[in-house]
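One structure is given below, encoded as structure tokens.
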Amino acid sequence: GQQVMQIPQYQHVQEGEDFTTYCNSSTTLSNIQWYKQRPGGHPVFLIQLVKSGEVKKQKRLTFQFGEAKKNSSLHITATQTTDVGTYFCAGDSGGGADGLTFGKGTHLIIQP
Amino acid sequence: DAGITQSPRHKVTETGTPVTLRCHQTENHRYMYWYRQDPGHGLRLIHYSYGVKDTDKGEVSDGYSVSRSKTEDFLLTLESATSSQTSVYFCAIKNPSSGIGYTFGSGTRLTVV
């Protein structure tokens, strides 16, 4: 079945440093989605990427979808304490109703 | 998030007992999903539904059953709970406003002792 790998598992940064998490799928994806989960909370949808090579920005967050539609990255510029949490990528194979396959997530820990 | 609620929020149960978790949505959405979240494993799909009485298995369905007799309710049942089913369970629907992305419930923390 489809597998989605995400690295790193943990990332410690000083506040103000940049952060990047990478996602790689074993199969070509219809789209890839990114979610953020605060400690003790539930995953919250951030963005969906659909097109090959697509780049989208949300303030300090930059999301990229690879040309082969099998990999993706999330980059945060100048991290802030509010960025703390776990970031998940989730691959959609385009099969309709059958759900997303999530990566294991990257835990972002920020030291003031 | 508005439109999807899970109950109970917390539950402690004994090994071997049946447990039912409820997911309720007010968005009249066709697709509903049950995920479990465990440290080191991320979110894994248990079962999903694509309509009333239409359900299918996900990646980790063993030991779980589901039912969807009404559009708004998706029930997850552990027929005989085991310690390996201690987890946080999330229900999700496709984002009701945009249809893009999933909206998750607040989760149920289940402990099997």
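All values below were derived from every heavy atom in this structure, side-chain atoms included, with hydrogens, water molecules and symmetry-related copies excluded. In what follows, chains carry the letters A, B, and so on, assigned in the order in which the sequence lines appear, proteins first and then strands, with residues in each chain numbered from 1.
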Can you say whether B/Leu45 sits under 4.5 Å from chain A via the side chain, the backbone, both, or neither, judging by heavy atoms? side chain
Quick check against the 3.5 Å criterion: does A/Lys56 have a side-chain atom that pairs as donor or acceptor with the backbone of A/Gln48? yes
At a heavy-atom separation under 4.5 Å, does A/Ile47 approach chain B through its side chain, its backbone, both, or neither? neither
Highest number of heavy-atom pairs under 4.5 Å with chain A: which of B/Glu59, B/Arg30, B/Lys57, B/Gln37? B/Gln37
Side-chain heavy-atom pair B/Ile93, B/Tyr33 within 4.5 angstrom cut-off: no
Do the two ring centres, one from B/Tyr50 and one from B/Tyr31, sit under 6.0 Å apart? no
Based on non-hydrogen pairs under 4.5 Å, which of B/Gly107, B/Ala92, B/Gly40, B/Gly58 is most in contact with chain A? B/Gly40
In terms of the angle between their ring planes, are B/Phe104 and B/Phe90 parallel, tilted or perpendicular, with boundaries placed at 30° and 60°? perpendicular
Portion of A/Gln6 that has a non-hydrogen atom of chain B nearer than 4.5 angstrom: neither
Could you tell me if the ring centre of B/Tyr35 sits under 6.0 Å from that of A/Phe102? yes
